[in-house]
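For reference, the structure discussed in these notes is given below.
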Amino acid sequence: LFGEGDNFQVENAMRTLTAGGLFGMGPGAGTRKFGLPEPHTDYIFSVIGEEFGLIACLAIALLYLGIVARVLIKLLDEDNIFSILAAAGLAIQFGLQAMINMGMVLGLLPVVGIPLPLISAGGSSLFATLVACGILLNCATTEPGARAALDASRARRRRRAAARKR
């Protein structure tokens, strides 16, 4: 599994990922991360595996899958073709970016330097991901009935706040 060769980054990423076992060494307790070239960006998934364990890595992968699946399922009820194409494209881009990063860390894909969305350090990638999330939220609020549901939710919160003040 950890043979010698020209795959230094992938080998170190796998060692770091598996060093924490199922439950990890604890936040900040990992030491193998210091052997990685970019532990805070490209290899943050390995650092999470070392410090929080493989269960946390599985939870993160399932969270990304859940976000993408939820967006795509929600699009089945959408009538606006622009919203369908924009939201589907952004959700797939979000999921592919996460899948490529995790595949890179696991040695399944070549090392290309794509950060893990919403987790890796870095300004431009985080900014682009947050803009994409904003566009997705805008597509969700233009859905028929969404405005009425948001207004009803706000009215409920106001009533609760008023009842607490009494």
Side-chain angles (χ1 to χ4, degrees), residues 1-78 81-141 143:
L1 181 65
F2 301 118
E4 294 299 320
D6 60 349
N7 50 0
F8 168 78
Q9 293 179 346
V10 175
E11 287 178 2
N12 278 346
M14 284 297 292
R15 284 188 182 113
T16 305
L17 180 69
T18 57
L22 281 179
F23 301 107
M25 298 179 171
T31 56
R32 289 197 180 261
K33 65 184 171 193
F34 299 116
L36 290 172
E38 295 293 330
H40 59 288
T41 57
D42 297 347
Y43 293 103
I44 192 70
F45 195 67
S46 289
V47 175
I48 291 169
E50 180 182 26
E51 295 187 354
F52 298 101
L54 295 175
I55 292 176
C57 290
L58 180 64
I60 288 173
L62 290 174
L63 188 64
Y64 282 121
L65 179 66
I67 291 170
V68 172
R70 178 69 179 130
V71 170
L72 295 178
I73 289 170
K74 189 71 175 162
L75 289 177
L76 294 175
D77 298 331
E78 184 65 43
I81 191 71
F82 175 77
S83 292
I84 292 171
L85 293 175
L90 290 171
I92 290 170
Q93 180 264 333
F94 183 78
L96 279 176
Q97 185 176 348
M99 187 180 75
I100 289 171
N101 181 281
M102 288 184 266
M104 177 183 76
V105 167
L106 295 172
L108 302 174
L109 295 171
V111 177
V112 290
I114 293 181
L116 195 61
L118 301 174
I119 296 179
S120 292
S124 60
S125 175
L126 180 63
F127 179 74
T129 303
L130 291 176
V131 167
C133 289
I135 294 170
L136 279 173
L137 288 173
N138 186 36
C139 289
T141 58
E143 178 184 329

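For the numbers below, each heavy atom of this structure counts, side chains included, while hydrogens, waters and symmetry mates do not.
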When rounded to the nearest 0.5 angstrom, what is the spacing between [atom1] in [X] and [atom2] in [Y]?
| X | Y | atom1 | atom2 | answer |
| --- | --- | --- | --- | --- |
| L106 | N101 | CG | CG | 9.5 Å |
| R70 | L136 | CZ | CG | 12.5 Å |
| Q97 | S125 | CD | OG | 4.5 Å |
| L22 | I55 | CG | CD1 | 5.0 Å |
| L90 | I135 | CG | CD1 | 5.5 Å |
| L126 | L118 | CG | CG | 6.5 Å |

Got [X] and [Y] here, is their nearest side-chain heavy-atom distance under 4.5 Å?
| X | Y | answer |
| --- | --- | --- |
| Y43 | P37 | yes |
| L116 | M102 | yes |
| V111 | D42 | no |

Nearest heavy-atom pair of [X] and [Y]: which atoms, and what distance?
| X | Y | result |
| --- | --- | --- |
| A88 | L75 | N-CD1, 3.5 Å |
| A13 | S46 | O-OG, 3.0 Å |
| A121 | T41 | O-CG2, 3.1 Å |
| A56 | I48 | CB-CG2, 4.3 Å |
| S120 | I44 | OG-CG2, 3.3 Å |
| M14 | V105 | SD-O, 3.6 Å |

side-chain hydrogen bond (donor to acceptor under 3.5 Å, both in side chains) filter on E38, not counting sequence neighbours, yields none

Counting N and O atoms only, with roles assigned by atom type, does the side chain of Y64 sit under 3.5 Å from a partner on the main chain of P117, one being a donor and the other an acceptor?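 Side chain of Y64 to backbone of P117: a pair is present.
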
For residues 45-57, which residue pairs pass the salt bridge (Lys or Arg N to Asp or Glu O under 4.0 Å) check, not counting sequence neighbours?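 Sorted pair list: K33-E51.
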
